[in-house]
Protein chains: 4
Amino acid sequence: MPEERRRELLAAAAEVFAVQGYDATTVRQIADAVGMLAGSLYYHFDAKEAMLDEILSTFLDELWDGYDAVLAARLGPRETIEALVTESFREIDRHRAAVAIYQKEAKHLAAQQRRFGYLADSRQKFEKAWLGTLERGVADGVFRADLDIRLTYRFVRDTVWVAASWYRPGARHRAEEIARQYLSMVLDGIALRN
Amino acid sequence: MPEERRRELLAAAAEVFAVQGYDATTVRQIADAVGMLAGSLYYHFDAKEAMLDEILSTFLDELWDGYDAVLAARLGPRETIEALVTESFREIDRHRAAVAIYQKEAKHLAAQQRRFGYLADSRQKFEKAWLGTLERGVADGVFRADLDIRLTYRFVRDTVWVAASWYRPGARHRAEEIARQYLSMVLDGIALRN
Amino acid sequence: MPEERRRELLAAAAEVFAVQGYDATTVRQIADAVGMLAGSLYYHFDAKEAMLDEILSTFLDELWDGYDAVLAARLGPRETIEALVTESFREIDRHRAAVAIYQKEAKHLAAQQRRFGYLADSRQKFEKAWLGTLERGVADGVFRADLDIRLTYRFVRDTVWVAASWYRPGARHRAEEIARQYLSMVLDGIALRN
Amino acid sequence: MPEERRRELLAAAAEVFAVQGYDATTVRQIADAVGMLAGSLYYHFDAKEAMLDEILSTFLDELWDGYDAVLAARLGPRETIEALVTESFREIDRHRAAVAIYQKEAKHLAAQQRRFGYLADSRQKFEKAWLGTLERGVADGVFRADLDIRLTYRFVRDTVWVAASWYRPGARHRAEEIARQYLSMVLDGIALRN
DNA sequence: TATGAATGAGTCTTCATTCAT
DNA sequence: AATGAATGAAGACTCATTCAT
């Protein structure tokens with residue numbers, strides 16, 4: 001199971017990257033976390049950047065597996081949003097570290113490194129899926145029309161993903177429960193209706 | 001105007017920190033941004049870290065000036081939340097770079113460096129103000145009681161501050177306008193009521 | 001033999017420190033002396049200061065091994081002084097560079113750096129051993145009573161240790177021979193008796 | 001009195017050099033000691049090295065004034081040694097800092113810098129005066145013939161000058177008194193004669 | 001005479017990476 | 001698969017020095 005070992009190493013790396021930031025993390029810290037010497041990591045990976053790459057792309061691949069399934073189901077706008085949010089929280093649950101890294105680093109990586117071009121692609125695909133669904137919802141009279149739609153998009157997007165920064169797996173709330181509450185807030189607001 | 005110069009340098013540094021991340025930023029990049037040599041920065045600041053420190057603490061000081069004024073007004077819970085959100089967007093407008101840095105770096109700085117202990121203090125004070133207001137709102141029947149209150153707190157908090165990551169001053173939306181729309185979404189949700 | 005390598009590196013470092021002074025010595029000079037790059041030294045030592053530390057503490061440890069053996073023998077005052085002087089010249093022979101460094105740097109290191117506190121401790125123990133022996137000698141009528149005893153102490157102490165500044169091992173005089181002549185001068189003076 | 005000011009500055013510089021070592025001393029520390037800014041020193045001196053130069057050469061000039069007077073008196077060997085030692089302690093009293101600097105730095109300065117060639121010259125003249133006197137003393141039957149004469153020379157030379165490392169002016173012992181005791185030790189030894 | 005700001009060279013140190021074993 | 005030792009490039013920081021004011 002060499003694959004097994006890789007996954008262990010990447011998990012450890014992701015954890016450290018998430019806590020300290022990619023740049024602030026030294027290869028030695030990762031090696032310490034898995035009980036080997038820094039140089040030994042290079043038997044498994046070409047470079048520190050390759051680990052980051054694999055962490056992020058693995059996460060995005062899985063994310064899109066989930067998202068594509070949702071989108072393929074061609075649900076109504078509201079149901080689609082509900083499904084996407086739920087799926088997102090499941091991914092946060094599965095790839096918490098990767099999500100945290102993504103939040104912190106994706107923007108400047110996409111901007112500055114050719115290698116991470118797929119981050120920009122994903123971002124665009126992402127925007128298309130969410131923003132499109134919201135627009136469809138407005139058109140269908142399911143979502144409010146009096147809001148700036150791009151603002152709404154950012155609101156929903158950020159609202160969901162930042163959760164990775166405080167989420168701890170196995171905590172009080174399971175992913176689905178958090179998704180349910182978030183959806184309730186996003187859709188209906190926190191003010192009591194009278 | 002020696003104060004003037006400091007402010008210029010700090011503004012430039014904040015900008016670079018915000019874009020690249022603190023660790024990924026070299027002192028030379030900051031110096032380039034202001035047209036001096038790297039070593040020359042040390043005439044004005046003791047260390048790279050001292051710049052970060054001053055950027056963050058200046059921002060937090062101003063933030064608390066605003067927040068304290070709001071809290072001193074002893075408005076109702078809903079009006080307090082509205083004022084805090086509006087004030088927050090004003091701070092994002094004034095200190096966009098600092099806010100972005102804060103979002104990315106505050107957590108591990110507070111955890112790992114004695115020097116940045118005030119970040120943890122501020123975070124606690126922050127939580128007390130917001131969470132307290134939300135709780136008061138639930139008790140007063142202004143906010144929904146069926147939501148996990150801590151989850152609600154994080155939802156509102158994150159939702160507001162991540163905006164710094166995409167906000168560009170002088171863009172279409174002025175701070176107050178964004179605040180108005182965000183408040184509308186947070187309070188009433190994005191779903192159309194029937 | 002990783003210990004072997006360390007010793008080589010420390011020996012080279014000590015040599016350069018002794019000739020140029022600690023502060024005036026660059027890490028690169030040490031590296032050059034052993035045929036590696038400056039950065040490579042940091043695989044073996046934490047810092048330039050750590051090398052200095054190890055050089056000095058190794059020397060002092062060996063010195064005290066010798067001194068303690070002498071003191072444990074409980075010889076008469078004159079014989080003790082003779083043995084201490086002889087032992088000192090042996091140490092100069094073995095650790096010439098370290099002794100030279102000690103002479104130049106010990107005082108301000110002990111005064112300014114917590115890390116080198118043991119230098120002050122050693123100095124005190126040293127004074128106790130020598131001064132005590134001299135006092136015992138005066139009391140026993142072996143040494144002159146008409147001299148300021150602390151002045152005598154400094155006279156003997158300095159007289160012995162400065163020799164490290166000109167001593168070259170394998171030179172005409174072996175350590176024991178130098179010790180013999182120095183003792184003769186210190187004890188009986190250079191004036192011809194009549 | 002611009003001369004006056006120079007002397008003040010040099011005295012301050014010498015003090016710091018003596019305590020910390022020339023290399024370890026920053027121009028700023030000197031400036032602090034006299035209450036000005038680092039750059040301002042360059043109105044008075046061309047370079048840090050120029051200060052060191054002036055400190056050492058001033059000291060040596062005065063030293064040789066004294067020594068030359070002694071040598072010109074053409075006393076007997078023993079009386080010459082006595083006069084030289086006494087004169088040396090007077091110089092230590094007057095130029096303690098300069099002497100301490102000389103002890104620490106002269107050797108490598110003379111070896112490595114053209115500018116300080118006069119240190120080597122002085123050293124040679126010095127050796128000629130002392131060693132010559134000792135040889136004359138041995139020839140005259142005033143000093144012991146059974147000692148290695150160069151060893152004796154170093155013994156006397158070092159013994160006198162290291163005193164600068166512990167001497168504090170205005171302390172218990174005046175220069176002349178210390179000289180008297182040192183001479184007594186050097187000439188007659190510390191052992192009680194029977 | 002002295003200040004304040006800046007320069008530029010150099011220092012220690014870090015760290016990703018390599019490679020023989 | 002992993003170690004131990006080293007490389008080399010870069011980074012933060014220091015400091016003697018300069019110079020306009």
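In what follows, chains carry the letters A, B, and so on, assigned in the order in which the sequence lines appear, proteins first and then strands, with residues in each chain numbered from 1.
You'll find the side chain of B/Arg6 stays beyond 4.5 Å of the side chain of B/Met51, heavy atoms only. Residues D/Tyr102 and D/Ile55 form no side-chain contact, since every pair of their non-hydrogen atoms from C-beta on lies 4.5 Å or further apart.
Nearest-nucleotide assignment on DNA chain E puts the 5′-proximal partner with B/Leu41, out of C/Tyr42 and B/Leu41. Residue order along DNA chain E, read from the 5' end via each residue's closest nucleotide, puts D/Gly39 first among D/Gly39 and A/Asp46. Toward the 5' end of DNA chain F, the nearer of the two residues B/Glu49 and A/Gly35, judged by each one's closest nucleotide, is A/Gly35.
If you take CG of A/Leu52 and P of E/dT17, they are 12 Å apart, rounded to a whole angstrom. Atom P of nucleotide E/dA16 and atom CG of A/Asp32 are separated by 12 Å, given to the nearest angstrom. The CZ-P distance, from C/Phe17 to E/dT11, rounds to 14 Å in whole Å. Protein atom CE of B/Met51 is 11 Å distant from nucleotide atom C1' of F/dC13, rounded to whole Å. If you measure from atom CG of D/Asp23 to atom C1' of E/dT11, you get 13 Å, rounded to the nearest angstrom. The separation between C/Leu37 atom CG and E/dT11 atom P is 15 Å, rounded to whole Å. One atom, CD of A/Gln20, and another, P of E/dT14, lie 15 Å apart when rounded to the nearest Å. Per the geometry, NZ belonging to B/Lys48 stands 17 Å off C1' belonging to F/dT14, to the nearest Å.
The environment of B/Asp46 atom CG is sparse: at most 12 non-hydrogen atoms of other residues, nucleotides or ligands sit within 6.0 angstrom. No more than 12 heavy atoms of other residues, nucleotides or ligands sit less than 6.0 Å from atom CZ of D/Arg123. Counting heavy-atom neighbours within 6.0 Å of C/Arg28 CZ, excluding the residue itself, gives a total of 12 or less.
Contact annotation: A/Tyr43 does not reach the phosphate of F/dA2 (side-chain N/O to OP1 or OP2, under 4.0 Å). For C/Ser40, a side-chain nitrogen or oxygen approaches OP1 or OP2 of F/dT7 to under 4.0 Å. Contact check, D/His44 against E/dA2: a side-chain N or O comes under 4.0 Å of OP1 or OP2. Phosphate contact (OP1/OP2 of E/dA2, side-chain N/O of D/Arg5, threshold under 4.0 Å): present.
You'll find that the side chain of A/Ala38 is closest to E/dT17, out of E/dA6, E/dT17, F/dT17. Here the nucleotide nearest the side chain of B/Met36, chosen from E/dC15, E/dT7, E/dT3, is E/dT7.
Residue contacts for C/Ala47: at a heavy-atom cut-off of 4.0 Å it reaches the sugar-phosphate backbone alone, with no base atom in range.
Side-chain contact annotation: D/Asp53 with D/Tyr118, donor-acceptor N/O pair under 3.5 Å present.
Rounded to 10 degrees, the angle separating the terminal axes of the helix from E/dA2-F/dT21 to E/dT21-F/dA2 is 20°, with each axis obtained from five end pairs.
Closest approach of A/Ser122 and A/Leu60 over heavy atoms only: OG-CD2, 3.6 Å.
Under a 4.0 Å N-O distance rule, the pair A/Glu105/B/Lys104 does not qualify as a salt bridge.
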